[in-house]
S.K.: 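Encoded as C-alpha coordinates, here's the structure I'll be asking about.
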Amino acid sequence: MVRTYGGWRRRRSIGLFGLGLTATLVLLGGLVVLMLAGMFAPGLALYLLPVMAVAFVFAAVPVQGESLLSFLLTRLRWWWAKVLGHTRYRAGVMVEHPRAFQLPGILAPVSLLSCEDGRGGRFGLAWNRRLGHMTATVLVSSNSVWLAEPADVDTWVASWHQWLASLGYMPWVQWVTVTVESRPDPGSALRTNVEADIDPKSPAAARKIMRDLVLSAPTVSAQVETRISITYDPRKFPVAPKDRMQAAVEISGYLNQIESSLATTGVSVLGRATPEQLVAMVRTAYDPTALNDLSTLLHSTPEDIGTLDWTDATPVEAEAHHDRYTHDSGTSVSWIWQEAPRTHVTSTVLAELLSPTRWAKRTTLLFRPWPAAAAARALESQNSAAQYKSELSWRVRHRVSARDSQDLAYARQAAQEETRGAGLVQVSLYTTATVDDEQRLKQAVAHTESAAETSRIRLRRAWGSQDVAFATTLPLGVCPPFLVQRGMG
(Lines give C-alpha, C1' and ligand atoms only; values in the text may rest on other atoms or scores of the structure.)
Protein backbone atom coordinates (compact mmCIF):
# COMPACT_ATOMS: atom_id res chain seq x y z
CA MET A 1 0.00 0.00 0.00
CA VAL A 2 1.38 3.45 -0.99
CA ARG A 3 1.76 5.81 1.95
CA THR A 4 0.05 9.20 1.59
CA TYR A 5 0.67 12.45 3.45
CA GLY A 6 -1.37 15.52 4.29
CA GLY A 7 -1.99 17.80 7.24
CA TRP A 8 -2.15 21.27 5.70
CA ARG A 9 -4.92 23.77 5.20
CA ARG A 10 -5.16 27.32 3.99
CA ARG A 11 -5.37 29.88 6.72
CA ARG A 12 -8.87 31.32 6.82
CA SER A 13 -10.31 34.28 8.68
CA ILE A 14 -13.59 34.45 10.52
CA GLY A 15 -14.84 37.14 8.14
CA LEU A 16 -17.64 36.88 5.61
CA PHE A 17 -17.09 36.05 1.94
CA GLY A 18 -13.42 35.36 2.56
CA LEU A 19 -12.83 38.87 3.92
CA GLY A 20 -10.67 39.64 6.91
CA LEU A 21 -12.12 40.58 10.27
CA THR A 22 -11.58 44.33 9.73
CA ALA A 23 -13.14 44.30 6.26
CA THR A 24 -16.11 42.30 7.59
CA LEU A 25 -16.71 44.78 10.41
CA VAL A 26 -16.56 47.67 7.95
CA LEU A 27 -19.05 45.90 5.67
CA LEU A 28 -21.44 45.17 8.55
CA GLY A 29 -21.09 48.75 9.76
CA GLY A 30 -22.07 49.98 6.31
CA LEU A 31 -25.14 47.74 6.33
CA VAL A 32 -26.16 49.10 9.74
CA VAL A 33 -25.81 52.67 8.45
CA LEU A 34 -27.86 51.75 5.40
CA MET A 35 -30.66 50.27 7.55
CA LEU A 36 -30.70 53.28 9.87
CA ALA A 37 -30.86 55.59 6.87
CA GLY A 38 -33.77 53.56 5.47
CA MET A 39 -35.65 53.95 8.74
CA PHE A 40 -35.07 57.65 9.39
CA ALA A 41 -34.00 59.11 6.01
CA PRO A 42 -35.29 57.05 3.08
CA GLY A 43 -34.02 59.62 0.59
CA LEU A 44 -30.48 59.28 1.89
CA ALA A 45 -30.76 55.50 1.71
CA LEU A 46 -31.41 55.71 -2.03
CA TYR A 47 -28.05 57.44 -2.44
CA LEU A 48 -26.23 55.06 -0.09
CA LEU A 49 -27.57 51.87 -1.66
CA PRO A 50 -25.57 52.12 -4.94
CA VAL A 51 -22.45 53.03 -2.98
CA MET A 52 -22.85 50.01 -0.71
CA ALA A 53 -23.53 47.74 -3.71
CA VAL A 54 -20.32 48.90 -5.42
CA ALA A 55 -18.34 48.50 -2.18
CA PHE A 56 -19.71 44.98 -1.76
CA VAL A 57 -18.69 44.06 -5.32
CA PHE A 58 -15.18 45.44 -4.82
CA ALA A 59 -14.77 43.56 -1.54
CA ALA A 60 -16.42 40.21 -2.31
CA VAL A 61 -15.71 39.47 -5.99
CA PRO A 62 -12.52 37.34 -6.24
CA VAL A 63 -9.97 38.04 -8.98
CA GLN A 64 -6.78 35.95 -9.27
CA GLY A 65 -7.00 34.75 -5.69
CA GLU A 66 -7.74 38.15 -4.10
CA SER A 67 -10.59 40.62 -3.89
CA LEU A 68 -11.36 42.93 -6.78
CA LEU A 69 -10.39 45.93 -4.65
CA SER A 70 -6.98 44.44 -3.78
CA PHE A 71 -6.44 43.53 -7.42
CA LEU A 72 -7.22 47.07 -8.62
CA LEU A 73 -5.06 48.65 -5.91
CA THR A 74 -2.18 46.39 -6.89
CA ARG A 75 -2.56 47.39 -10.53
CA LEU A 76 -2.72 51.06 -9.52
CA ARG A 77 0.43 50.78 -7.41
CA TRP A 78 2.14 48.95 -10.28
CA TRP A 79 1.17 51.66 -12.76
CA TRP A 80 2.41 54.43 -10.45
CA ALA A 81 5.70 52.60 -9.80
CA LYS A 82 6.19 52.26 -13.55
CA VAL A 83 5.50 55.96 -14.07
CA LEU A 84 8.15 56.80 -11.46
CA GLY A 85 10.63 54.40 -13.08
CA HIS A 86 10.87 52.12 -10.05
CA THR A 87 10.41 48.98 -12.17
CA ARG A 88 13.62 49.50 -14.13
CA TYR A 89 17.21 49.05 -12.96
CA ARG A 90 20.39 50.14 -14.73
CA ALA A 91 23.85 49.66 -13.25
CA GLY A 92 26.38 52.48 -13.55
CA VAL A 93 29.65 52.02 -15.40
CA MET A 94 31.56 55.07 -14.18
CA VAL A 95 30.13 56.29 -10.89
CA GLU A 96 31.42 57.22 -7.44
CA HIS A 97 28.28 56.66 -5.40
CA PRO A 98 28.98 53.90 -2.83
CA ARG A 99 25.56 52.30 -3.46
CA ALA A 100 25.83 52.41 -7.27
CA PHE A 101 26.49 48.69 -7.48
CA GLN A 102 23.74 46.98 -5.54
CA LEU A 103 21.05 44.45 -6.30
CA PRO A 104 17.78 45.82 -7.68
CA GLY A 105 14.45 46.22 -5.97
CA ILE A 106 13.75 44.42 -2.72
CA LEU A 107 17.32 43.05 -2.68
CA ALA A 108 18.94 46.50 -2.51
CA PRO A 109 19.68 46.36 1.26
CA VAL A 110 21.32 42.92 1.02
CA SER A 111 25.10 42.64 1.19
CA LEU A 112 27.50 39.72 1.58
CA LEU A 113 29.57 38.86 4.63
CA SER A 114 32.43 36.34 4.64
CA CYS A 115 32.68 34.45 7.95
CA GLU A 116 34.90 31.75 9.42
CA ASP A 117 33.15 28.44 10.02
CA GLY A 118 35.49 27.23 12.78
CA ARG A 119 36.75 24.37 10.61
CA GLY A 120 39.41 26.21 8.65
CA GLY A 121 37.00 27.38 5.97
CA ARG A 122 34.61 30.22 5.35
CA PHE A 123 30.91 30.58 4.58
CA GLY A 124 28.79 33.40 3.27
CA LEU A 125 26.12 35.32 5.13
CA ALA A 126 23.55 37.44 3.30
CA TRP A 127 23.03 40.44 5.58
CA ASN A 128 19.92 42.58 5.20
CA ARG A 129 21.04 46.00 6.38
CA ARG A 130 17.47 47.26 6.68
CA LEU A 131 15.98 44.41 8.73
CA GLY A 132 19.13 43.15 10.40
CA HIS A 133 18.45 39.57 9.29
CA MET A 134 21.29 37.22 8.35
CA THR A 135 20.82 34.24 6.04
CA ALA A 136 23.14 31.25 5.82
CA THR A 137 22.82 28.59 3.11
CA VAL A 138 23.58 24.90 3.50
CA LEU A 139 24.20 22.85 0.35
CA VAL A 140 22.63 19.39 0.46
CA SER A 141 22.09 16.39 -1.75
CA SER A 142 18.67 14.79 -1.40
CA ASN A 143 18.26 11.04 -1.41
CA SER A 144 15.98 9.59 -4.07
CA VAL A 145 12.63 8.24 -2.89
CA TRP A 146 12.20 6.12 -6.03
CA LEU A 147 14.79 3.49 -5.04
CA ALA A 148 14.38 3.73 -1.26
CA GLU A 149 12.37 1.41 0.93
CA PRO A 150 8.95 2.80 1.91
CA ALA A 151 9.86 2.50 5.58
CA ASP A 152 12.95 4.67 4.99
CA VAL A 153 10.85 7.30 3.21
CA ASP A 154 8.40 7.38 6.13
CA THR A 155 11.33 7.89 8.50
CA TRP A 156 12.67 10.77 6.40
CA VAL A 157 9.28 12.49 6.32
CA ALA A 158 8.82 12.08 10.07
CA SER A 159 12.33 13.38 10.73
CA TRP A 160 11.76 16.38 8.49
CA HIS A 161 8.56 17.12 10.39
CA GLN A 162 10.44 16.89 13.68
CA TRP A 163 13.18 19.15 12.31
CA LEU A 164 10.64 21.80 11.34
CA ALA A 165 8.84 21.44 14.69
CA SER A 166 12.11 22.02 16.54
CA LEU A 167 12.45 25.42 14.87
CA GLY A 168 9.37 26.52 16.81
CA TYR A 169 11.60 26.57 19.89
CA MET A 170 14.12 28.86 18.16
CA PRO A 171 12.45 32.29 17.96
CA TRP A 172 15.56 33.69 16.30
CA VAL A 173 14.90 31.55 13.20
CA GLN A 174 12.58 33.67 11.04
CA TRP A 175 12.05 31.30 8.13
CA VAL A 176 13.66 28.48 6.17
CA THR A 177 13.67 28.02 2.40
CA VAL A 178 14.38 24.80 0.52
CA THR A 179 15.28 25.43 -3.11
CA VAL A 180 15.80 22.93 -5.91
CA GLU A 181 17.47 24.56 -8.89
CA SER A 182 17.99 22.87 -12.25
CA ARG A 183 19.61 24.35 -15.33
CA PRO A 184 21.05 23.06 -18.60
CA ASP A 185 24.76 22.36 -18.51
CA PRO A 186 26.70 22.73 -21.77
CA GLY A 187 29.31 20.28 -20.47
CA SER A 188 31.92 22.82 -19.45
CA ALA A 189 31.51 22.00 -15.76
CA LEU A 190 32.43 18.37 -16.37
CA ARG A 191 35.50 19.34 -18.36
CA THR A 192 36.58 21.89 -15.74
CA ASN A 193 36.22 19.42 -12.84
CA VAL A 194 38.10 16.65 -14.64
CA GLU A 195 40.91 18.97 -15.74
CA ALA A 196 41.29 20.23 -12.18
CA ASP A 197 41.55 16.69 -10.79
CA ILE A 198 44.03 15.30 -13.35
CA ASP A 199 47.54 14.98 -11.96
CA PRO A 200 49.99 16.40 -14.50
CA LYS A 201 52.54 13.78 -13.35
CA SER A 202 50.20 10.89 -14.15
CA PRO A 203 50.90 8.66 -17.17
CA ALA A 204 50.10 10.23 -20.52
CA ALA A 205 47.93 7.26 -21.50
CA ALA A 206 45.77 7.71 -18.38
CA ARG A 207 45.35 11.44 -19.04
CA LYS A 208 44.34 10.69 -22.65
CA ILE A 209 41.73 8.17 -21.50
CA MET A 210 40.17 10.68 -19.14
CA ARG A 211 40.04 13.41 -21.79
CA ASP A 212 38.53 10.99 -24.30
CA LEU A 213 35.84 10.06 -21.79
CA VAL A 214 34.99 13.74 -21.28
CA LEU A 215 34.74 14.28 -25.02
CA SER A 216 32.49 11.26 -25.46
CA ALA A 217 30.16 12.36 -22.65
CA PRO A 218 26.87 14.04 -23.63
CA THR A 219 27.46 17.66 -24.59
CA VAL A 220 24.22 18.72 -22.96
CA SER A 221 23.19 17.66 -19.49
CA ALA A 222 21.46 19.17 -16.48
CA GLN A 223 22.78 20.47 -13.20
CA VAL A 224 20.53 19.99 -10.18
CA GLU A 225 21.35 21.67 -6.89
CA THR A 226 19.47 21.61 -3.59
CA ARG A 227 20.05 24.13 -0.85
CA ILE A 228 18.51 25.07 2.49
CA SER A 229 18.69 28.71 3.56
CA ILE A 230 18.06 29.65 7.18
CA THR A 231 17.27 33.28 8.03
CA TYR A 232 18.14 34.47 11.53
CA ASP A 233 17.24 37.57 13.50
CA PRO A 234 20.28 38.11 15.79
CA ARG A 235 18.28 40.49 17.97
CA LYS A 236 16.24 37.52 19.21
CA PHE A 237 19.22 35.44 20.32
CA PRO A 238 19.23 34.54 24.05
CA VAL A 239 22.03 37.10 24.43
CA ALA A 240 21.87 39.88 21.87
CA PRO A 241 25.23 40.18 20.04
CA LYS A 242 27.08 43.46 20.21
CA ASP A 243 28.15 43.51 16.56
CA ARG A 244 28.05 41.51 13.34
CA MET A 245 31.09 39.47 14.31
CA GLN A 246 29.43 38.11 17.44
CA ALA A 247 26.24 37.46 15.47
CA ALA A 248 28.19 35.45 12.88
CA VAL A 249 29.81 33.37 15.64
CA GLU A 250 26.40 32.58 17.15
CA ILE A 251 24.97 31.68 13.74
CA SER A 252 27.90 29.35 13.05
CA GLY A 253 27.17 27.50 16.29
CA TYR A 254 23.47 27.13 15.48
CA LEU A 255 24.37 25.94 11.98
CA ASN A 256 26.38 23.09 13.49
CA GLN A 257 23.27 21.96 15.33
CA ILE A 258 21.05 22.31 12.25
CA GLU A 259 23.47 20.46 9.98
CA SER A 260 23.71 17.51 12.36
CA SER A 261 19.92 17.25 12.72
CA LEU A 262 19.45 17.25 8.92
CA ALA A 263 21.27 13.93 8.63
CA THR A 264 18.10 11.94 9.40
CA THR A 265 15.81 13.83 7.00
CA GLY A 266 16.86 12.11 3.79
CA VAL A 267 19.55 14.59 2.72
CA SER A 268 23.33 14.57 2.81
CA VAL A 269 24.93 17.82 3.94
CA LEU A 270 27.61 18.88 1.46
CA GLY A 271 28.69 21.97 3.37
CA ARG A 272 27.90 25.62 3.80
CA ALA A 273 27.74 27.86 0.76
CA THR A 274 30.90 29.92 0.42
CA PRO A 275 30.80 33.60 -0.54
CA GLU A 276 31.96 32.65 -4.04
CA GLN A 277 29.11 30.19 -4.43
CA LEU A 278 26.52 32.72 -3.27
CA VAL A 279 27.86 35.25 -5.75
CA ALA A 280 27.70 32.66 -8.53
CA MET A 281 24.13 31.64 -7.61
CA VAL A 282 22.88 35.22 -7.73
CA ARG A 283 24.84 36.22 -10.80
CA THR A 284 23.80 33.20 -12.89
CA ALA A 285 20.16 33.76 -11.88
CA TYR A 286 20.29 37.22 -13.44
CA ASP A 287 22.64 36.27 -16.28
CA PRO A 288 22.32 32.55 -17.22
CA THR A 289 25.03 32.86 -19.87
CA ALA A 290 27.57 33.82 -17.18
CA LEU A 291 27.69 30.28 -15.79
CA ASN A 292 30.84 29.37 -17.71
CA ASP A 293 32.54 32.64 -16.80
CA LEU A 294 31.90 32.06 -13.08
CA SER A 295 33.11 28.47 -13.02
CA THR A 296 36.49 29.63 -11.69
CA LEU A 297 34.75 31.62 -8.97
CA LEU A 298 32.88 28.52 -7.84
CA HIS A 299 36.16 26.66 -7.42
CA SER A 300 38.13 29.45 -5.77
CA THR A 301 40.53 28.65 -2.98
CA PRO A 302 40.27 30.29 0.47
CA GLU A 303 43.23 32.52 -0.49
CA ASP A 304 41.12 34.09 -3.24
CA ILE A 305 38.48 35.31 -0.81
CA GLY A 306 40.14 38.69 -0.54
CA THR A 307 39.47 39.44 -4.21
CA LEU A 308 35.74 38.72 -3.88
CA ASP A 309 33.47 41.65 -4.66
CA TRP A 310 29.71 41.65 -4.11
CA THR A 311 29.39 43.72 -7.27
CA ASP A 312 30.11 40.51 -9.22
CA ALA A 313 26.54 39.45 -8.37
CA THR A 314 24.96 42.70 -9.54
CA PRO A 315 23.08 42.60 -12.86
CA VAL A 316 23.78 45.21 -15.49
CA GLU A 317 20.10 45.90 -16.06
CA ALA A 318 16.74 44.54 -14.96
CA GLU A 319 13.15 45.57 -15.60
CA ALA A 320 9.99 44.29 -13.93
CA HIS A 321 6.97 43.87 -16.18
CA HIS A 322 3.51 42.98 -15.00
CA ASP A 323 3.76 39.39 -16.24
CA ARG A 324 7.52 38.75 -16.47
CA TYR A 325 10.94 39.94 -15.35
CA THR A 326 13.72 40.76 -17.84
CA HIS A 327 17.31 40.82 -16.60
CA ASP A 328 20.63 40.75 -18.45
CA SER A 329 20.59 37.66 -20.70
CA GLY A 330 17.42 36.11 -19.26
CA THR A 331 13.66 36.51 -19.03
CA SER A 332 11.88 34.97 -16.05
CA VAL A 333 8.32 34.17 -15.09
CA SER A 334 7.49 33.44 -11.44
CA TRP A 335 4.51 31.78 -9.80
CA ILE A 336 3.16 31.72 -6.24
CA TRP A 337 1.54 28.74 -4.55
CA GLN A 338 -2.13 29.69 -4.43
CA GLU A 339 -3.40 26.50 -2.83
CA ALA A 340 -1.90 23.24 -1.60
CA PRO A 341 -3.35 19.93 -2.74
CA ARG A 342 -6.64 19.30 -0.96
CA THR A 343 -6.15 15.55 -1.17
CA HIS A 344 -3.48 13.42 0.41
CA VAL A 345 -0.37 13.08 -1.71
CA THR A 346 2.55 10.68 -2.05
CA SER A 347 6.20 11.38 -1.33
CA THR A 348 6.86 11.95 -5.06
CA VAL A 349 4.21 14.65 -5.50
CA LEU A 350 6.75 17.33 -6.50
CA ALA A 351 8.79 15.12 -8.82
CA GLU A 352 7.26 16.49 -12.01
CA LEU A 353 7.60 20.12 -10.93
CA LEU A 354 11.23 19.64 -9.85
CA SER A 355 12.38 17.67 -12.89
CA PRO A 356 15.05 19.39 -15.07
CA THR A 357 14.02 21.09 -18.29
CA ARG A 358 15.74 22.83 -21.20
CA TRP A 359 15.73 26.10 -19.28
CA ALA A 360 16.77 27.19 -15.80
CA LYS A 361 14.18 26.65 -13.08
CA ARG A 362 14.10 27.23 -9.34
CA THR A 363 11.40 25.87 -7.04
CA THR A 364 11.42 27.13 -3.46
CA LEU A 365 9.43 25.88 -0.49
CA LEU A 366 9.31 28.45 2.29
CA PHE A 367 8.62 27.41 5.87
CA ARG A 368 7.91 29.98 8.54
CA PRO A 369 7.95 28.30 11.96
CA TRP A 370 5.20 29.27 14.33
CA PRO A 371 6.47 29.85 17.88
CA ALA A 372 5.64 26.79 19.96
CA ALA A 373 4.04 28.94 22.66
CA ALA A 374 1.65 30.57 20.16
CA ALA A 375 0.83 27.48 18.08
CA ALA A 376 -2.01 26.33 20.36
CA ARG A 377 -3.68 29.76 20.32
CA ALA A 378 -3.36 30.03 16.54
CA LEU A 379 -4.90 26.60 15.96
CA GLU A 380 -7.71 27.32 18.41
CA SER A 381 -8.46 30.52 16.51
CA GLN A 382 -8.51 28.64 13.20
CA ASN A 383 -10.73 25.95 14.69
CA SER A 384 -13.18 28.60 15.93
CA ALA A 385 -13.23 30.27 12.50
CA ALA A 386 -13.96 26.95 10.79
CA GLN A 387 -16.76 26.15 13.25
CA TYR A 388 -18.26 29.62 12.80
CA LYS A 389 -18.31 29.28 9.00
CA SER A 390 -19.87 25.83 9.26
CA GLU A 391 -22.56 27.05 11.68
CA LEU A 392 -23.25 30.12 9.54
CA SER A 393 -23.72 27.98 6.42
CA TRP A 394 -26.16 25.76 8.28
CA ARG A 395 -28.23 28.68 9.59
CA VAL A 396 -28.32 30.56 6.28
CA ARG A 397 -28.55 27.75 3.71
CA HIS A 398 -29.60 24.88 5.99
CA ARG A 399 -26.70 22.84 4.72
CA VAL A 400 -22.92 22.73 5.04
CA SER A 401 -20.84 22.50 1.88
CA ALA A 402 -18.36 19.69 1.44
CA ARG A 403 -15.49 22.16 1.42
CA ASP A 404 -16.53 23.70 4.77
CA SER A 405 -16.96 20.23 6.30
CA GLN A 406 -13.51 19.16 5.11
CA ASP A 407 -11.95 22.42 6.27
CA LEU A 408 -13.46 21.95 9.74
CA ALA A 409 -12.13 18.40 9.85
CA TYR A 410 -8.63 19.59 8.91
CA ALA A 411 -8.74 22.34 11.55
CA ARG A 412 -9.72 19.84 14.26
CA GLN A 413 -7.09 17.38 13.08
CA ALA A 414 -4.37 20.06 13.24
CA ALA A 415 -5.42 21.01 16.78
CA GLN A 416 -5.32 17.36 17.88
CA GLU A 417 -1.91 16.79 16.31
CA GLU A 418 -0.52 19.90 18.00
CA THR A 419 -1.54 18.55 21.41
CA ARG A 420 0.49 15.41 20.59
CA GLY A 421 3.63 17.45 19.91
CA ALA A 422 3.32 18.35 16.22
CA GLY A 423 4.75 21.66 15.06
CA LEU A 424 2.96 24.43 13.19
CA VAL A 425 4.48 26.28 10.24
CA GLN A 426 3.26 28.58 7.53
CA VAL A 427 4.28 27.18 4.17
CA SER A 428 4.31 28.52 0.64
CA LEU A 429 5.88 27.63 -2.69
CA TYR A 430 7.40 29.72 -5.46
CA THR A 431 8.62 28.66 -8.89
CA THR A 432 10.70 30.66 -11.36
CA ALA A 433 11.47 29.63 -14.94
CA THR A 434 14.20 31.52 -16.82
CA VAL A 435 14.88 31.39 -20.56
CA ASP A 436 17.65 33.05 -22.57
CA ASP A 437 15.35 33.52 -25.59
CA GLU A 438 11.93 35.12 -25.15
CA GLN A 439 10.57 32.99 -28.00
CA ARG A 440 10.84 29.99 -25.65
CA LEU A 441 8.99 31.77 -22.85
CA LYS A 442 5.53 30.48 -23.79
CA GLN A 443 6.83 26.92 -23.88
CA ALA A 444 8.45 27.31 -20.45
CA VAL A 445 5.26 28.79 -18.99
CA ALA A 446 3.05 26.04 -20.41
CA HIS A 447 5.38 23.28 -19.23
CA THR A 448 5.71 24.67 -15.70
CA GLU A 449 1.96 25.15 -15.24
CA SER A 450 1.29 21.66 -16.62
CA ALA A 451 3.84 20.17 -14.20
CA ALA A 452 2.14 21.98 -11.30
CA GLU A 453 -1.24 20.56 -12.30
CA THR A 454 0.31 17.10 -12.42
CA SER A 455 1.58 17.69 -8.90
CA ARG A 456 -1.97 18.75 -7.84
CA ILE A 457 -0.74 22.23 -6.99
CA ARG A 458 -2.50 25.45 -7.99
CA LEU A 459 0.00 28.10 -9.00
CA ARG A 460 -0.84 31.76 -9.58
CA ARG A 461 1.46 33.94 -11.61
CA ALA A 462 2.93 36.75 -9.51
CA TRP A 463 1.19 39.53 -11.43
CA GLY A 464 2.83 42.87 -10.73
CA SER A 465 5.35 41.25 -8.35
CA GLN A 466 7.56 39.29 -10.72
CA ASP A 467 10.77 40.83 -9.39
CA VAL A 468 9.78 40.12 -5.78
CA ALA A 469 8.88 36.48 -6.45
CA PHE A 470 12.12 36.12 -8.45
CA ALA A 471 14.12 37.42 -5.49
CA THR A 472 12.35 35.02 -3.10
CA THR A 473 13.87 32.01 -4.89
CA LEU A 474 17.42 33.31 -4.34
CA PRO A 475 19.44 32.34 -1.21
CA LEU A 476 19.31 35.87 0.22
CA GLY A 477 16.60 35.61 2.89
CA VAL A 478 13.73 37.39 1.12
CA CYS A 479 10.26 36.64 2.50
CA PRO A 480 7.59 39.20 1.55
CA PRO A 481 4.67 39.07 4.04
CA PHE A 482 1.99 39.01 1.33
CA LEU A 483 3.62 35.92 -0.21
CA VAL A 484 3.79 33.78 2.91
CA GLN A 485 0.14 33.92 4.03
CA ARG A 486 -0.80 30.87 1.98
CA GLY A 487 -1.08 27.85 4.18
CA MET A 488 -0.55 26.23 7.55
CA GLY A 489 0.64 22.71 8.20
Side-chain angles (χ1 to χ4, degrees), residues 117 119 121-124 126 135-164 166-167 176-185 187-194 196-197 217-218 221-231 252 254-282 284-285 291 294-295 297-300 346-357 360-367 429-432 455 473-476:
D117 60 4
R119 308 169 185 171
R122 305 187 76 87
F123 69 99
T135 302
T137 298
V138 179
L139 306 179
V140 300
S141 176
S142 58
N143 301 330
S144 174
V145 299
W146 298 100
L147 302 178
E149 294 291 336
D152 294 335
V153 176
D154 293 341
T155 301
W156 295 341
V157 173
S159 299
W160 177 256
H161 155 73
Q162 294 173 1
W163 186 80
L164 288 176
S166 66
L167 299 179
V176 174
T177 60
V178 181
T179 301
V180 178
E181 180 174 1
S182 63
R183 55 178 177 265
D185 180 15
S188 59
L190 177 62
R191 291 193 295 270
T192 301
N193 292 338
V194 172
D197 293 337
S221 58
Q223 294 182 353
V224 180
E225 298 176 354
T226 305
R227 54 180 179 261
I228 301 175
S229 299
I230 305 99
T231 300
S252 181
Y254 287 120
L255 282 177
N256 292 332
Q257 178 183 350
I258 288 178
E259 290 171 346
S260 61
S261 59
L262 282 172
T264 60
T265 62
V267 299
S268 300
V269 178
L270 304 179
R272 303 173 188 175
T274 64
E276 297 86 355
Q277 290 171 326
L278 289 177
V279 168
M281 291 174 191
V282 177
T284 55
L291 180 61
L294 293 179
S295 59
L297 185 62
L298 283 170
H299 298 89
S300 297
T346 63
S347 57
T348 59
V349 62
L350 294 178
E352 185 70 21
L353 186 59
L354 301 180
S355 60
T357 58
K361 183 172 62 174
R362 294 187 303 278
T363 301
T364 296
L365 275 167
L366 188 147
F367 301 94
L429 181 146
Y430 322 98
T431 295
T432 297
S455 300
T473 62
L474 299 178
L476 300 179

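The figures here come from the full heavy-atom set of this structure, side chains too, leaving out hydrogens, waters and symmetry mates. We're numbering straight along the sequence, starting at 1.
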S.K.: Looking only at heavy atoms, what is the nearest atom pair of Ser182 and Pro356, with distance?
M.R.: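 Nearest heavy atoms, Ser182 then Pro356: OG-CA, 3.6 Å.
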S.K.: Is a side-chain donor-acceptor pair under 3.5 Å present for Ser252 with Arg272?
M.R.: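 Yes - a donor-acceptor pair under 3.5 Å links their side chains.
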S.K.: Pair Thr363, Leu429 - check side chain to side chain contact (heavy atoms under 4.5 Å, CB included), show working.
M.R.: CA-CA 7 Å; Thr363 301; Leu429 181 146; 4.2 Å; yes
S.K.: What I want to check is whether the side chains of Ser268 and Ser141 have a donor and an acceptor closer together than 3.5 Å.
M.R.: no
S.K.: Pair Leu476, Val282 - check side chain to side chain contact (heavy atoms under 4.5 Å, CB included), show working.
M.R.: CA-CA 9 Å; Leu476 300 179; Val282 177; 4.0 Å; yes
S.K.: If we only count heavy atoms from C-beta on, is the Val138 to Glu259 side-chain gap below 4.5 Å?
M.R.: yes
S.K.: Determine, step by step, whether Arg183 and Val224 satisfy the side chain to side chain contact (heavy atoms under 4.5 Å, CB included) criterion, reporting the C-alpha distance in whole Å, the side-chain angles of both residues, the deciding distance to 0.1 Å, and the verdict.
M.R.: CA-CA 7 Å; Arg183 55 178 177 265; Val224 180; over 6 Å; no
S.K.: Side chains of Pro475 and Leu278: does their closest heavy-atom pair fall under 4.5 Å?
M.R.: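 When only atoms from C-beta onward are counted, Leu278 and Pro475 do touch, with a gap below 4.5 Å.
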S.K.: Under the 3.5 angstrom rule, does the side chain of Lys361 hit a backbone N or O of Val180 as a donor-acceptor pair?
M.R.: no
S.K.: Is any side-chain heavy atom of Glu276 less than 4.5 Å from a side-chain heavy atom of Met281?
M.R.: no
S.K.: With a 4.5 Å limit on heavy-atom distance, are the side chains of Gln223 and Glu181 in contact?
M.R.: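 Gln223 vs Glu181: side chains apart.
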S.K.: Could you tell me if Trp163 and Ser261 have a donor-acceptor pair between their side chains, going purely by distance under 3.5 Å?
M.R.: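 A donor-acceptor contact under 3.5 Å links the two side chains.
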S.K.: Do Phe367 and Val178 have side chains that get closer than 4.5 Å, going by heavy atoms?
M.R.: yes
S.K.: Just by distance, no angles: are the side chains of Thr179 and Thr364 close enough, under 3.5 Å, to form a donor-acceptor pair?
M.R.: yes
S.K.: Ignoring hydrogens and geometry, is there a side-chain-to-backbone donor-acceptor pair from Thr274 to Gln277 under 3.5 Å?
M.R.: yes
S.K.: Any heavy-atom pair between the side chains of Arg362 and Leu474 that's under 4.5 Å?
M.R.: yes
S.K.: Between Leu365 and Leu350, which heavy-atom pair has the shortest distance, and what is it?
M.R.: CD1-CD1, 3.9 Å
S.K.: Quick check: do Ile230 and Ile258 have side-chain heavy atoms less than 4.5 Å from each other?
M.R.: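 Side chain of Ile230 against side chain of Ile258, heavy atoms only: contact under 4.5 Å found.
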S.K.: Tell me, do Phe123 and Leu255 make a side-chain contact under 4.5 Å, heavy atoms counted?
M.R.: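 Phe123 reaches Leu255 side chain to side chain.
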S.K.: Spell out, as yes or no, whether a donor-acceptor pair under 3.5 Å connects the side chain of Gln257 to the backbone of Tyr254.
M.R.: no
S.K.: Can you check side chain to side chain contact (heavy atoms under 4.5 Å, CB included) on Thr264 and Trp156, steps first, answer last?
M.R.: CA-CA 6 Å; Thr264 60; Trp156 295 341; over 6 Å; no
